[in-house]
Amino acid sequence: MTFPTHRPRRLRTSPAVRRLVRETHLAPSQLVLPAFVREGISEPVDIGSMPGVRQHTLDSLRRAAAEAAEAGVGGIMLFGIPEVRDAIGSGADDPEGILNVAAAALASEVGDALVVQTDLCLDEFTDHGHCGVLRGDGGVDNDATLERYAAMGVAQARAGATLLGLSGMMDGQVAAVREALDSEGFIDTIIMAYSAKYAGAFYGPFREAVDSQLKGDRRTYQLDPGNAREGVREAIMDVEEGADIVMVKPAMPYLDVLADVRATVDVPVWAYQVSGEYAMVEAAAANGWIDRRGAIQESLLGIRRAGADAILTYWAVEAAGWLREAH
């Protein structure tokens, strides 16, 4: 019997063979842990829609960062939740603001083991919840917002952040922040641009996590979910403006965009496995509907396979532990 001539199953016959010929690999260093730090709390606060994730105090944040470093995770992305908000997000560039204080604390304690990263956006700091300064008609003023981003970027660099995550989706934000950083001597501070950040339904739990004040939506500045080519164009523009890394967010609903961006630009491409993706898996697993560990590992591998060089994921520390067990 000579049929079939080709037998691809030969390369699946045992765990050892499958491991040897596997095309896509995941390592702890390719994972980044998003972390929330809240001003004015004495104990960590659990986030109801994100089981296992908390709003940290500075002390518990230090412990979480040390745990991430021990697990071999590549970085930690900080989101700050202030006690007081105002129309222009004054706390964002205040040296004593919670995000800058947290960045300084981690830079001094784990900066040699983790890439300390800060979210550069105004939404957590404004009393209206938008990512920028508002005009009189209630719309976001793009160019006035760039001035705030520039000040925020310099403040975060001064605090010790190695990488700034520009997530506001304002036109020209990369160029504005790069110019501000360079003019203040922060030429080595890395810019990671959230280039293809889509407006959609997967951010709900995050808004609980940061106590978002948002009314309405962000569809005038985040991308329309139907547009793939626009996401690639945004990434190209950000690279031209000086971005060192570009981001696609969310991850799993936009794997096609991720693959297209990876094929187009020559800088690292990251993806953010957002709160809604996390919450769906946790909820299904809690109900016994899916294998939790298997679903987490498969989702991360799928994002890597689509082209992500690194992944922001709330499972970073846990997944890194599994990966180290496997080796």
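These numbers come from the heavy atoms of this one structure, side chains and all, not from hydrogens, waters or symmetry mates.
Taking each heavy atom of A199 and Q222 in turn, the nearest pair found is CA-OE1, 3.4 Å. Residues L146 and A176 come closest through the heavy atom pair CB-CB, 4.1 Å. In plain terms, the two heavy atoms of A103 and T118 that are nearest each other are CB-CG2, 3.7 Å. Contact detail for L106 and L78: the closest heavy-atom pair is CD1-CD2, 3.7 Å. Of all heavy-atom pairs between L181 and A157, the closest is CD2-CB, 3.8 Å. Of all heavy-atom pairs between V177 and G153, the closest is CG1-CA, 4.5 Å.
Looking at R9 and T13, their side chains never come closer than 4.5 Å, going by heavy atoms from C-beta outward.
Of the possible donor and acceptor atoms, none in the side chain of H56 sits under 3.5 Å from a partner among the backbone N and O of R38.
The residues D211 and R85 are annotated as salt-bridged, a charged nitrogen and a carboxylate oxygen being separated by less than 4.0 angstrom. A salt bridge links E184 with R158: the distance from a Lys NZ or Arg NE/NH1/NH2 to an Asp or Glu carboxylate oxygen falls below 4.0 Å. Under the 4.0 Å criterion applied to side-chain N and carboxylate O atoms, D260 and R229 are not assigned as salt-bridge partners. By the 4.0 Å N-to-carboxylate-O rule, D224 lies too far from R219 to be salt-bridged with it. In summary, R305 and E298 do not engage in a salt bridge, as defined by a charged side-chain N under 4.0 Å from a carboxylate O.
Grouping the Ile, Leu, Val, Met, Phe, Trp and Tyr side chains by contacts below 4.5 angstrom, directly or via other members, places I41 apart from M50. Cluster membership check: V248 shares its hydrophobic cluster with M252, using side-chain heavy-atom separations under 4.5 Å among Ile, Leu, Val, Met, Phe, Trp and Tyr. Note on L214 and Y194: separate hydrophobic clusters, where clusters join Ile, Leu, Val, Met, Phe, Trp and Tyr whose side-chain heavy atoms are under 4.5 Å apart, directly or indirectly.
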Report the C-alpha separation of T162 and Q117 in whole Å, then their side-chain angles, then the decisive distance to 0.1 Å, and conclude whether the side-chain hydrogen bond (donor to acceptor under 3.5 Å, both in side chains) test is met. CA-CA 6 Å; T162 297; Q117 309 170 23; over 6 Å; no
Residues E208, S49; criterion side-chain hydrogen bond (donor to acceptor under 3.5 Å, both in side chains); working and verdict: CA-CA 8 Å; E208 177 191 352; S49 56; 2.5 Å; yes
Could you give me the CA-CA distance, side-chain angles and deciding distance for D141 and T145, then say whether side-chain hydrogen bond (donor to acceptor under 3.5 Å, both in side chains) is met? CA-CA 6 Å; D141 186 327; T145 298; 5.7 Å; no
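The six-membered or imidazole ring of F36 lies near that of F206, with a centre-to-centre distance under 6.0 Å.
Inspection of the E282 and W315 side chains reveals an N or O donor paired with an N or O acceptor under 3.5 Å.
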